[in-house]
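Keep in mind that what you see is a predicted model, and the values were worked out from it rather than measured. Residue indices begin at 1 and follow the sequence shown.
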Amino acid sequence: MASKVKSAAMLLGLAGLIVLCHMAGMKLESRMKEETRETFKLSKEMQVILDAGHGGIDVGKTGVNGEKEKDINLEISKKIKKFLSDSNVTVKMTREGDERLADSQREDLKARTDIMNGGALLAVSIHQNSYRDPAVSGAQVFYYTDSEEGRTAAGMIQAELNALAPDNEKEIRANDSYYILKNTRIPTVIVECGFLSSYTEAEKLADDEYQNRIAEAVSEGILQYITD
């Protein structure tokens, strides 16, 4: 009987030891992941990817004022890059000129996601919106439905954009169909900076000073996310 009790006690002790080892292992793994993330944040490697939507023969949407989305996307992206670079963030852009990355739209999108999947803390794709009702306006940020990190980043950027335009009541929106959101392995958001179908907003989006304000707001949201 004493032998059985002793054996049972040994088994319980061994089980307890296994549980403790497992818990310690999980804690160590979590700590290593966090340290890896922090090290990556502080490294000089590329940290953020900016994607100026459309380009070349793909003009995107055309505003009621005749402005092309591809041009506004690029200008705002360049301004975001400058703000981030001034904050010691290394930035890579999918395009820096008026170009398409492939012959077809699908291949162009694939080329963009391939660049994004090369590694970064966050990818931000810049676009302009349009709607049949010219009264609709306001910036809105989209993220992939199943990405908690994407949701967090989108929320931070949206908050900064809403602070820029307090009358904008738009909230972040989940999406599981946009090609770029579906096919990136890193947190990715799409920023629709405004509506080119709105007469008032289309003029603002074509204005250099307003583009700077949009770029600064997006940059502040990005900085909050990558340094959080």
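At least one donor-acceptor pair under 3.5 Å links the side chain of Asn65 to the backbone N or O of Ala202. The closest donor-acceptor contact from the side chain of Ser197 to the backbone of Tyr131 lies under 3.5 Å. Checking side-chain atoms of Arg151 against main-chain N and O of Tyr143 turns up no donor-acceptor pair under 3.5 Å. Distance alone, capped at 3.5 Å, is enough to place a donor-acceptor pair between the Arg95 side chain and the His54 backbone. In this structure, Glu201 contributes its side chain and Phe195 its backbone to a donor-acceptor pair below 3.5 Å. The backbone N or O of Asn175 sits less than 3.5 Å from a side-chain atom of Thr145, completing a donor-acceptor pair.
Within the 4.5 Å cutoff, the side chain of Ile115 has heavy atoms near those of the Leu101 side chain. Counting heavy atoms from C-beta outward, Ile80 and Ile126 have side chains that approach closer than 4.5 Å. Within the 4.5 Å cutoff, the side chain of Gln158 has heavy atoms near those of the Asn168 side chain. Looking only at side-chain heavy atoms (C-beta outward), Glu69 and Gln128 come within less than 4.5 Å of each other. Here the side chains of Leu109 and Thr113 are not in contact, with every heavy-atom distance at 4.5 Å or above. Counting heavy atoms from C-beta on, the side chains of Tyr179 and Lys182 never come closer than 4.5 Å.
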Salt bridge (charged side-chain N to carboxylate O under 4.0 Å, His left out), that's the test. Do Lys81 and Glu96 meet it? Break it down for me. CA-CA 11 Å; Lys81 180 181 180 180; Glu96 298 195 62; 3.3 Å; yes
When you look at Leu205 and Glu67, which way does the side chain to side chain contact (heavy atoms under 4.5 Å, CB included) test go after all the steps? CA-CA 9 Å; Leu205 290 167; Glu67 295 288 338; over 6 Å; no
Assess the residue pair Tyr225 and Glu149 against the criterion (side-chain hydrogen bond (donor to acceptor under 3.5 Å, both in side chains)); give the C-alpha distance rounded to whole Å, side-chain angles, the decisive distance to 0.1 Å, and a yes or no. CA-CA 9 Å; Tyr225 174 75; Glu149 288 291 323; 2.4 Å; yes
After noting the C-alpha distance and the side-chain angles of Asp146 and Asp176, does the key distance pass the side chain to side chain contact (heavy atoms under 4.5 Å, CB included) rule? CA-CA 8 Å; Asp146 296 333; Asp176 61 3; over 6 Å; no
Check the pair Val136, Asn129 against side chain to side chain contact (heavy atoms under 4.5 Å, CB included), reporting the backbone distance first and the verdict last. CA-CA 10 Å; Val136 175; Asn129 219 330; over 6 Å; no
Under the salt bridge (charged side-chain N to carboxylate O under 4.0 Å, His left out) criterion, do Lys79 and Glu75 qualify, and how do the steps go? CA-CA 6 Å; Lys79 288 173 168 58; Glu75 288 305 310; 3.8 Å; yes
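Distance CZ/Phe142 to CG/Leu181: 9.0 Å, rounded to 0.5 Å. Put simply, CG on Asp58 and CD on Glu99 are 12.5 Å apart, with the number rounded to the nearest 0.5 Å.
Note on Ile190: it does not cluster hydrophobically with Ile172, by side-chain heavy-atom contacts below 4.5 Å among ILVMFWY residues. The hydrophobic cluster containing Val48 also contains Leu223, counting ILVMFWY residues as joined when their side-chain heavy atoms lie under 4.5 angstrom apart, directly or transitively. If you chain together hydrophobic residues whose side chains sit under 4.5 Å apart, Met93 and Ile157 fall into the same group.
Under the salt bridge (charged side-chain N to carboxylate O under 4.0 Å, His left out) criterion, Glu203 pairs with no residue, sequence neighbours left out.
The 12-atom threshold is not exceeded at NZ of Lys68, counting heavy atoms of other residues, nucleotides or ligands nearer than 6.0 Å. Residue Asp103 places its CG atom among 12 or fewer non-hydrogen atoms of other residues, nucleotides or ligands, all under 6.0 Å distant. Residue Arg100 qualifies as enclosed at atom CZ: its count of foreign heavy atoms under 6.0 Å is above 12. For Lys170, the NZ atom sits in a packed shell: over 12 heavy atoms of surrounding residues, nucleotides or ligands are nearer than 6.0 Å.
When hydrophobic residues (I, L, V, M, F, W, Y) are linked wherever their side-chain heavy atoms come within less than 4.5 Å, the members clustered with Val64 are Tyr199.
Between Leu50 and Ser77, the closest heavy-atom pair is CD1-O, 3.5 Å. The two residues Gly56 and Asp98 make their nearest non-hydrogen contact at N-OD1, 2.8 Å. Between Ile186 and Met116, the shortest heavy-atom contact is CD1-O, 3.3 Å. The heavy-atom pair separating Ala139 from Cys193 by the smallest distance is CB-O, 3.4 Å. Here the closest heavy-atom approach between residue Ile72 and residue Leu196 is recorded as CD1-CD2, 3.7 Å. The two residues Phe83 and Asn212 come nearest to each other via the heavy atoms CE1-O, 3.6 Å.
Residue pairs meeting the salt bridge (Lys or Arg N to Asp or Glu O under 4.0 Å) criterion with at least one partner in residues 112-126, sequence neighbours excluded, are Asp51-Arg112, Asp108-Arg112, Lys110-Asp114.
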